[in-house]
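Let me begin by presenting the structure, written as structure tokens, before commenting on it.
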Amino acid sequence: MADVTFTIDGQTVAAPEGEKILWAAQRAGIHIPHLCAHPDREPPFGSCRLCYVDVEGRSGPVTACTEPVAEGLVVTTRSERLDRLVRAGFELLMSTHDLDCKVCPAKRSCGLRTISRQTKVKLRSGDLAKLLPNLPVDDSHDAFGLNPNRCILCGLCVWVCAEQVGRGILDFAHRGLGTHISTFDGEPLAAQACDADCLACVDICPTGALFRKIP
Ligand code: FES
């Protein structure tokens, strides 16, 4: 694909036509907060709503993980309005996330902590009431576990298991506020054909919802 040239925050950037703004920006050293995107995940899921940018000529902000680059595009990643949107999106995610950092195995690799540092939005902020799913932790497998109360529904585990590993063991269950990640029919992880050599879902989980039980 031929390269196109455009600007992000006044910086001239070249990228293959059709590449998403998020990845072109990242390569150019311009960080846009994101949690649910992966360069190989097509189509992008677009669920976390942290990657808002402004594109000149568009009536409202667009998500950088879904918006393709094009010749002459003028992209802005920071403004008062965008900061407000990112703050609101992050606070919404945090309202459904159990903030058990002291015991969470994600610790320094936690994507939420990274976003908090980058955006200066505190992990414990905002007036939103906590809406935790209050679902049981599945600790049945020898190698890994699933704590749905830490999950932010980015779906990366579902994607990696189905599209990269080729198994499709995890999926979204139920709808609305009851949505959570589950095996088919809620069977325990121990009953699945998962082995300790895979754990791709654990490696890609940004929040410690899926966690390794063995080092
Ligand atoms: S990274 Fe764009 S919506 Fe999540």
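Order of appearance sets the numbers: ligands from 1, and atoms from 1 within every ligand.
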Answer yes or no for C48: is there an N/O/S atom below the 2.8 Å cut-off from atom 4 (Fe) of ligand 1?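 So C48 does bind atom 4 (Fe) of ligand 1 by this criterion.
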Below 2.8 Å, any N, O or S contact between C36 and atom 4 (Fe) of ligand 1?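 An N, O or S atom of C36 is closer than 2.8 Å to atom 4 (Fe) of ligand 1, so yes.
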Test log, rule side chain to side chain contact (heavy atoms under 4.5 Å, CB included), inputs T183 and L170: CA-CA 5 Å; T183 58; L170 297 171; 4.2 Å; yes
Within reach of ligand 1, part of P44 (heavy-atom separation under 4.0 Å):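 None of P44 does.
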Neighbour count >12 (heavy atoms, 6.0 Å) for atom CZ, R78: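 Count not over threshold, so no.
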Classify the angle between the aromatic ring planes of H34 and W23 as parallel (below 30°), tilted (30 to 60°) or perpendicular (above 60°).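 Rings of H34 and W23: perpendicular, over 60°.
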Report yes or no: does H34 have an N/O/S atom closer than 2.8 Å to atom 2 (Fe) of ligand 1?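 Of the N, O and S atoms in H34, none lies under 2.8 Å from atom 2 (Fe) of ligand 1, which means no.
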Would you say C65 reaches atom 2 (Fe) of ligand 1 with an N/O/S atom under 2.8 Å?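 Checking atom 2 (Fe) of ligand 1 against C65, an N, O or S atom does fall under 2.8 Å.
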Residue [X] vicinity, atoms of ligand 1 by number, heavy atom under 4.0 Å:
X: A37; value: 1 (S)
X: R49; value: 3 (S), 4 (Fe)
X: S47; value: 3 (S)

Going through the checks in order, is the salt bridge (Lys or Arg N to Asp or Glu O under 4.0 Å) test met by K130 and D98? CA-CA 8 Å; K130 278 277 184 194; D98 191 5; over 6 Å; no
Can we say K120 and D83 salt-bridge, meaning some charged N sits less than 4.0 Å from an Asp/Glu carboxylate O?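 No, no charged N to carboxylate O under 4.0 Å.
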Check this for me, if you would: do D100 and R150 make a salt bridge, where the nitrogen-to-carboxylate-oxygen distance has to be below 4.0 angstrom?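 Looking at R150 together with D100, the answer is yes, because their closest N to O distance falls below 4.0 Å.
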